[in-house]
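What you see is a predicted model; the values in this text were computed from it and never measured.
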Amino acid sequence: MAMAAPMPMSTGKAPMPTDTRLLTLMQWLSPAYPLGSFAYSHGLESAVAKGWVKGPESLKDWLEDVLCEGTGRNDAILLRQAFDAPDAASLAHVEAVARAACPSAERLREAGRQGAAFARVTAEVWQIDLPSLLFPVAVGRAARLADLDPEITAMLFLQGFASNLVSAAQRLMPLGQTEAQRVLSRLAPACQRLVHETAAAPLDEIASNAFLSDVASLTHETLEPRIFQS
């Protein structure tokens, strides 16, 4: 008696994309990409030293504020504006606004050094004309030159930013691997929401309401001892 062929099972979900452009983005925004991101805490080291961030819950709240009310939102706007810039003059204007929006010398150095490293490696490997720019501006411009989706680029950029800060927190406080990943997973909806909210946002919407995060970046340079550059 012949056996019936197995029926295909459907999960009701769309298949994952296999476009190599997604793999390119994952490579660019991976912790393995040589940017030196591990050396920066974005002021988190000061926040932990001052007792503003003490554990998983306060870390999640801190990072959500940084994402939604401070650097994360601004970076999403800058990335998209750099992607949409029609010419070199427009791109230079985005870069100028990005530099002016940095609240401290350490923040400017953090974005500048990561952006320069990203531009150098990406231009050489992908053979694109990518100047040295602040990190979110460089990623937005590179995505345009490589014909990548700007919203997916921004979403992965924000997730990578949050992931790096969670990793920094693990070196600053008692935070196990499982709890760290739980914090990161709880930030995913904020990353997704931010991308949609900022897709058409103009440069004049750049602002920061994450005041303690900005203060932490200002006071970090005098913190002793310290292990991060920001």
Side-chain angles (χ1 to χ4, degrees), residues 14-33 35 37 42 63-64 66-102 110-112 114-165 184 187-208:
M16 288 292 290
T18 56
D19 196 314
T20 56
R21 289 174 294 184
L22 180 60
L23 298 180
T24 295
L25 269 178
M26 293 176 69
Q27 182 176 349
W28 285 1
L29 301 172
S30 161
Y33 212 62
L35 306 183
S37 301
H42 207 70
L63 295 183
E64 191 165 33
V66 173
L67 280 168
C68 298
E69 304 293 340
T71 302
R73 187 175 187 278
N74 288 344
D75 281 358
I77 295 173
L78 290 166
L79 190 155
R80 185 57 185 258
Q81 287 289 322
F83 183 93
D84 291 339
D87 50 44
S90 299
L91 182 64
H93 178 62
V94 175
E95 172 75 356
V97 172
R99 289 180 173 275
C102 291
E110 176 184 331
Q114 289 185 81
F118 176 85
R120 182 173 60 252
V121 175
T122 306
E124 183 171 343
V125 175
W126 277 266
Q127 296 296 296
I128 56 178
D129 182 17
L130 183 63
S132 181
L133 301 160
L134 296 194
F135 190 31
V137 182
V139 172
R141 185 60 177 172
R144 171 69 175 266
L145 295 173
D147 193 28
L148 305 180
D149 183 276
E151 292 197 1
I152 296 176
T153 301
M155 199 175 303
L156 290 178
F157 179 92
L158 292 172
Q159 200 268 352
F161 172 63
S163 178
N164 188 65
L165 295 187
L184 186 59
L187 295 171
C191 294
Q192 185 176 25
R193 184 175 67 252
L194 269 172
V195 170
H196 297 309
E197 289 177 355
T198 60
L203 284 174
D204 60 12
E205 286 194 13
I206 286 180
S208 176

Report task. Could you tell me whether H196 atom NE2 has more than 12 heavy atoms of other residues or ligands within 6.0 Å of it? Result -> yes
Under the 3.5 angstrom rule, does the side chain of [X] hit a backbone N or O of [Y] as a donor-acceptor pair?
{"X": "Q81", "Y": "A201", "result": "yes"}
{"X": "E95", "Y": "V137", "result": "no"}
{"X": "R73", "Y": "A207", "result": "no"}

Query raised in the report: Between W126 and Q27, is a side-chain contact (heavy atoms from CB on, under 4.5 Å) present by the stated rule, with each step listed?
Result: CA-CA 12 Å; W126 277 266; Q27 182 176 349; 3.6 Å; yes
Look up atom [atom1] in [X] and atom [atom2] in [Y], then write down how far apart they are to the nearest 0.5 Å.
{"X": "E64", "Y": "L187", "atom1": "CD", "atom2": "CG", "value": "6.5 Å"}
{"X": "D149", "Y": "M155", "atom1": "CG", "atom2": "CE", "value": "8.5 Å"}
{"X": "T122", "Y": "L35", "atom1": "OG1", "atom2": "CG", "value": "7.5 Å"}
{"X": "R141", "Y": "L91", "atom1": "CZ", "atom2": "CG", "value": "5.5 Å"}

Query raised in the report: Less than 4.5 Å apart, any side-chain heavy atom of F161 and any of L67?
Result: yes
Query - Side-chain touch T198/E205, heavy atoms, less than 4.5 angstrom - result: no
Query - Trace of the side chain to side chain donor-acceptor pair (under 3.5 Å) decision for D87 with S90 - result: CA-CA 5 Å; D87 50 44; S90 299; 2.8 Å; yes
Report task. Quick one: do E124 and R120 satisfy salt bridge (Lys or Arg N to Asp or Glu O under 4.0 Å)? Show the steps, please. Result -> CA-CA 6 Å; E124 183 171 343; R120 182 173 60 252; over 6 Å; no
Query raised in the report: W28 vs F118 aromatic rings, parallel, tilted or perpendicular, using cut-offs 30° and 60°?
Result: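 Ring orientation of W28 relative to F118: perpendicular.
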Report summary line: Shortest non-hydrogen pair, A143 vs T153, comes out as CB-OG1, 3.8 Å
Query raised in the report: Between A119 and L130, which heavy-atom pair has the shortest distance, and what is it?
Result: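 Residues A119 and L130, closest heavy atoms: CA-CD2, 3.6 Å.
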Query raised in the report: Can you list the steps and then say if F135 with D75 is a side-chain contact (heavy atoms from CB on, under 4.5 Å)?
Result: CA-CA 9 Å; F135 190 31; D75 281 358; over 6 Å; no
**Report entry** Trace of the side chain to side chain donor-acceptor pair (under 3.5 Å) decision for S208 with E69
**Finding:** CA-CA 6 Å; S208 176; E69 304 293 340; over 6 Å; no
